[in-house]
Amino acid sequence: RLVSNFLKGLGCEPLVTREPGGTTIGLRLRAALLDAQEEVDPLTELLVFAADRAQHVRRILRPALQAGRVVISDRYADATVAYQGAGRGFKPELIEEIVRLATEGLVPDLTLLFDLPVAESTNRTTRRSNVRNKLDRLDIEDRDFHERVRKAYLGIAAAQPERVKVIDS
């Protein structure tokens with residue numbers, strides 16, 4: 001929201017979107033994937049997130065970029081590397097292939113990684129859920145899962161510092 005407002009102040013009208021849920025079908029997939037009551041097999045989770053991303057790339061991102069628009073997306077392919085790769089334990093080669101298929105090689109020019117320790121993230125999630133009265137399926141994963149996810153995100157940032165900028169949150 002802050003980046004979008006900043007760009008609007010400069011006369012740019014960015015497209016703001018998110019994953020999962022940036023398309024009509026993506027909204028339905030998001031609801032099923034993040035439902036804390038739903039038991040989703042890890043492979044199913046990986047493939048459904050990839051399907052959502054493929055739809056998002058083809059129907060939203062590529063057309064916007066081809067039209068010269070700036071695109072701001074809340075999450076993208078790094079989330080699959082972190083959550084399904086590190087978090088769920090899928091092999092990096094499989095994750096890389098699925099990401100390549102879903103994105104058709106489309107890579108962001110800039111990624112902002114808002115980083116904070118897992119304990120603080122858990123505190124913020126708990127406070128947010130007290131207001132919304134809802135935790136999603138990923139929110140309720142254990143501390144070790146979230147530590148693996150954070151480590152993976154920081155690893156991506158260390159490997160690609162020209163693209164990924166870490167912001168102490």
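Each salt bridge (charged side-chain N to carboxylate O under 4.0 Å, His left out) pair with one or both residues in residues 152-161, not counting sequence neighbours, would appear here, but there are none. For the salt bridge (charged side-chain N to carboxylate O under 4.0 Å, His left out) condition, the pairs that include at least one residue of residues 64-78, sequence neighbours left out, are D78-R163. Every pair passing salt bridge (charged side-chain N to carboxylate O under 4.0 Å, His left out) that includes a residue from residues 99-122 is listed here, sequence neighbours excluded: R58-E104, R62-E104, E97-R100, D115-R150, E120-R124, E120-R127.
Partners of V48 according to the side-chain contact (heavy atoms from CB on, under 4.5 Å) rule, which considers only residues two or more places apart in sequence or in another chain, are L29, L33, T44. Evaluation of the side-chain contact (heavy atoms from CB on, under 4.5 Å) rule for K165 yields L110, L112 as partners, not counting sequence neighbours. Residues passing the side-chain contact (heavy atoms from CB on, under 4.5 Å) test with P92, sequence neighbours excluded: none. For L2, there are no side-chain contact (heavy atoms from CB on, under 4.5 Å) partners, not counting sequence neighbours.
L116 shares a hydrophobic cluster with no other residue; no ILVMFWY side chain has heavy atoms under 4.5 Å from its own. In the hydrophobic clustering, where aliphatic and aromatic side chains (Ile, Leu, Val, Met, Phe, Trp, Tyr) are joined below 4.5 Å either directly or transitively, L15 groups with V57, I60, L61, L65, V71, Y76, L106.
Aromatic ring pairs are classed by plane angle as parallel below 30°, tilted from 30° to 60° and perpendicular above 60°; the pair Y83 and Y153 is perpendicular.
No side-chain heavy atom of I98 sits under 4.5 Å from any side-chain heavy atom of F90. Considering only heavy atoms from C-beta on, I95 comes within 4.5 Å of T80 through its side chain. P14 has its side chain within reach of K8: a pair of non-hydrogen atoms, C-beta onward, lies under 4.5 Å apart.
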Tabulate below the donor-acceptor pairs under 3.5 Å that side-chain atoms of residues 18-28 make, not counting sequence neighbours, or state none.
from: E19; atom 1: OE1; to: R53; atom 2: NE; distance (Å): 2.6
from: E19; atom 1: OE1; to: R53; atom 2: NH2; distance (Å): 2.9
from: E19; atom 1: OE2; to: H56; atom 2: ND1; distance (Å): 2.8
from: T23; atom 1: OG1; to: G26; atom 2: N; distance (Å): 2.9

